[in-house]
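To keep things clear, I will list the structure first and then write my remarks on it.
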There are 2 protein chains.
Amino acid sequence: MQDNREPAVTISSIASAAGVSVPTVSRVLNGRSDVAPATRERVETLLREYGYRRRGSAQAAPAGLVDLVFNDLDSPWAVEIIRGVEEALNAEGLSVVVSAIHRRGSADSTRKWLDTLSARASDGAILVTTDLDSFLHAELQRLHLPVVVIDPAGVPDLDVPTIGATNWTGAVNATEYLIQQNHRRIGFVAGRPGIWCSRARLDGYRAGLEAAGIAVDPELVHGGDFDYASGFDAGRALLALHDRPTAIFAASDQMALGVYEAARQQGLRIPDDLSVIGFDDLPEAGWASPPLTTIRQPLSGMGTLAARTLVRLIHGETVESPRVELSTRLVRRSSVQALGPQDRFPA
Amino acid sequence: MQDNREPAVTISSIASAAGVSVPTVSRVLNGRSDVAPATRERVETLLREYGYRRRGSAQAAPAGLVDLVFNDLDSPWAVEIIRGVEEALNAEGLSVVVSAIHRRGSADSTRKWLDTLSARASDGAILVTTDLDSFLHAELQRLHLPVVVIDPAGVPDLDVPTIGATNWTGAVNATEYLIQQNHRRIGFVAGRPGIWCSRARLDGYRAGLEAAGIAVDPELVHGGDFDYASGFDAGRALLALHDRPTAIFAASDQMALGVYEAARQQGLRIPDDLSVIGFDDLPEAGWASPPLTTIRQPLSGMGTLAARTLVRLIHGETVESPRVELSTRLVRRSSVQALGPQDRFPA
DNA sequence: CTGAAAGCGCTTACAG
DNA sequence: CTGAAAGCGCTTACAG
């Protein structure tokens, strides 16, 4: 995998490559104004190409810092991951720098982020749900910065370790469980499109139905993007169907809570009139009323594993299995009720 | 307030203070084994006393790092603060190191944390809900590290800026609102004891009742510690009362959700049979079913303000008002219903 | 176990 | 705008 034992790039190697003196490079590095624009440009390019990293004095003196990068910091999701990463890294004597990629997609902001990363001499980075495109990947390589991705957006390069959960299997289990409880019309609220795990959950739902010989009704599959509002909208649409579902499987807990509210507004009670199952098992799932049955994915465990994997890369070790999926499991609480028998023979 | 412009403590000043050579101090600093125990001890003490901070080369070269410290990273609370801090600091080109004080209270772990802080040359620290005791305060002063505290546990030293919310006023407002809706028997679930804001909320509840000429019934005040389980327990106890409350004001949203579940388990519907109001306005409040009416405290705004205040201290500026309380406000959603008129004249 | 010496990576006046 | 020189804070062989 990555290798961090290359000869260090120093200010003086940059200087000779650029054909200028060491002080000049130093000036560029420190944003002094008294440098000819052409010189500055040339030096900056070289700095970038060589992947120069500020280094205190003589020997590297590791910063003991790892970057944990989210697209946005607006989900309860994030704390779980942060907690797992922080615990594992703290045990290794490392600290976690948490950041969100602001104005996502802007090449400029990515550039700026990379510069900061480089300036502070981070030992490695954990990217969450990030689309590690080839540009970003190349830049990180250049910085000799080990990387681990949690829940990659697309299928990442093979030499970048990724940590995920058994999304497909978890979704199959959720669907099977509802079928066991005699549900046949099972609605599905999908996750944010474009992220790998969303697709896996949708496929698992379909596979679960088909394994039980139930045809997939496209009407019962509704788009979403993981958050509450999209769950509410999807729930409303699904419950407005002529032949409405008796159970809804939402690809995230937040969307499941949106379904709760859509049901409540239509006077439907959970689990009596509608069964709901979520995905994630955020603490919030246990706080719902009634407590939400869901598929647990070990988010903080994923964080811990990502951290441990990264530490190995930092130490120059290789990682034998670059893609790991931690297992999910069904957590039964009170939002699913068996259909049929009860209906026919009420107590 | 704090001053950061003191002459830098260098390895050589420590060396002469200790009566040893520079290389020896360097060895202690790097944990080399070949140093006499007595010498090591003496040097370490001096290092501490002088508040030595590793510094790359010649000039300080600010690390651009700020520490954000929680007691625990297990609450949805935390993300809100992190988000606010991260945004404000990112705008200043600074990064956020997030950590939890593990094994709280252990002097040893505090020591270790301070060492890390010092080693990485953090520019400042934001402590959340921390009891900044005089020991910690003195140590941070020694490191010349500016500090801001969010929601201080106790009453902190006057020269440490603190950021909070108008907890007392918010609680008065919540209580007044319930009274306006004709509630008279209003239960209260208190926050974690020992934290300043818990006390303010309890006092606000009492003041709100008394202002309306309602006597405070001690039976209606129940202990809690901010989390879901304690809210559930308190809700259960309150609803089991002979003359049970028609409304419950919980000092946190998480506890309010616990009250929801306690009500549901007793077959009580919200808001029809019981009105509930929370405190915080976490995203979770909006996801409850029915959506929770609550007192909003601007958590991410508190994070932002703490960050900005810290940046000023880092720049050596003074802060004119060391204790700021951001205002809270009532967010009306669907968990409170007026009592009385409706009951007498149903639609 | 310790210090004198050499050296490293970098920066800052100082000339030009 | 740029480089030669001096210097800073630190570390690492090298002696003893």
Side-chain angles (χ1 to χ4, degrees), chain A residues 4-64 115 118-123 143-144, chain B residues 4-64 115 118-123 143-144:
Chain A
N4 294 77
R5 306 174 173 299
E6 329 218 337
V9 180
T10 66
I11 212 182
S12 93
S13 61
I14 301 286
S16 62
V20 296
S21 71
V22 165
T24 302
V25 177
S26 169
R27 280 187 270 256
V28 170
L29 227 32
N30 293 291
R32 288 283 129 73
S33 56
D34 53 353
V35 180
T39 313
R40 149 163 288 130
E41 182 113 0
R42 190 151 34 96
V43 171
E44 270 173 349
T45 309
L46 258 356
L47 245 17
R48 220 159 265 173
E49 267 176 21
Y50 280 64
Y52 172 78
R53 303 180 61 182
R54 248 198 181 78
R55 157 186 7 265
S57 53
Q59 233 51 25
D115 286 348
S118 158
R120 89 162 77 90
S122 197
D123 293 339
L143 291 174
H144 308 301
Chain B
N4 294 78
R5 305 173 172 301
E6 327 218 338
V9 180
T10 67
I11 212 180
S12 91
S13 61
I14 300 286
S16 62
V20 297
S21 71
V22 165
T24 301
V25 177
S26 170
R27 279 186 273 258
V28 170
L29 228 30
N30 293 291
R32 287 283 130 72
S33 57
D34 52 352
V35 180
T39 312
R40 150 163 288 130
E41 181 113 0
R42 190 150 35 94
V43 171
E44 271 174 348
T45 309
L46 258 356
L47 246 16
R48 220 159 266 171
E49 268 177 20
Y50 279 63
Y52 172 78
R53 303 180 61 183
R54 248 198 182 78
R55 154 187 11 260
S57 53
Q59 233 51 24
D115 286 347
S118 157
R120 90 161 76 88
S122 198
D123 292 340
L143 291 173
H144 307 300

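Chain letters run A, B, ... following the sequence lines, proteins first, then strands; residues in each count from 1.
In this structure, A:Thr10 contributes its side chain and A:Ser13 its backbone to a donor-acceptor pair below 3.5 Å. Side-chain N or O atoms of B:Thr45 include one that pairs as donor or acceptor with a backbone N or O of B:Glu41 at under 3.5 Å.
Across all non-hydrogen atoms, the minimal contact from B:Val28 to B:Arg40 is CG2-CA, 4.0 Å. In terms of heavy atoms, A:Leu46 sits closest to A:Ile14 at O-CD1, 3.9 Å. Here the closest heavy-atom approach between residue A:Ala18 and residue A:Val43 is recorded as CB-CG2, 4.1 Å.
Residues B:Pro23 and B:Arg27 form a side-chain contact, since some pair of their non-hydrogen atoms from C-beta on lies under 4.5 Å apart.
In this entry the distance linking CD1 of A:Ile11 with P of C:dT11 reads 5 Å, nearest Å. B:Arg27 places its CZ atom 11 Å from the P atom of C:dC1, with the value rounded to the nearest Å. What separates CZ of B:Arg42 from P of C:dT2 is a distance of 8 Å, to the nearest Å. If you take CD1 of A:Ile14 and C1' of C:dC8, they are 16 Å apart, rounded to a whole angstrom.
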Dot-bracket notation for DNA chain C, counting Watson-Crick and G-U pairs under 3.5 Å, with | for partners on another strand: |||.||||||||.|||
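To the nearest 0.5 Å, atom CD1 of residue B:Ile11 and atom OG of residue B:Ser21 are 9.5 Å apart.
Counting only heavy atoms from C-beta on, B:Asp34 has its side chain closest to C:dT2 among C:dA13, C:dT2, D:dC1. You'll find that the side chain of B:Thr10 is closest to D:dG9, out of C:dC10, D:dG9, C:dT2.
At the phosphate of C:dC10, neither OP1 nor OP2 sits under 4.0 Å from any side-chain N or O atom of A:Ser12.
DNA chain C is contacted by B:Val20, B:Ser21, B:Pro23, B:Thr24 of residues 18-25 of chain B, taking any non-hydrogen atom closer than 4.0 Å.
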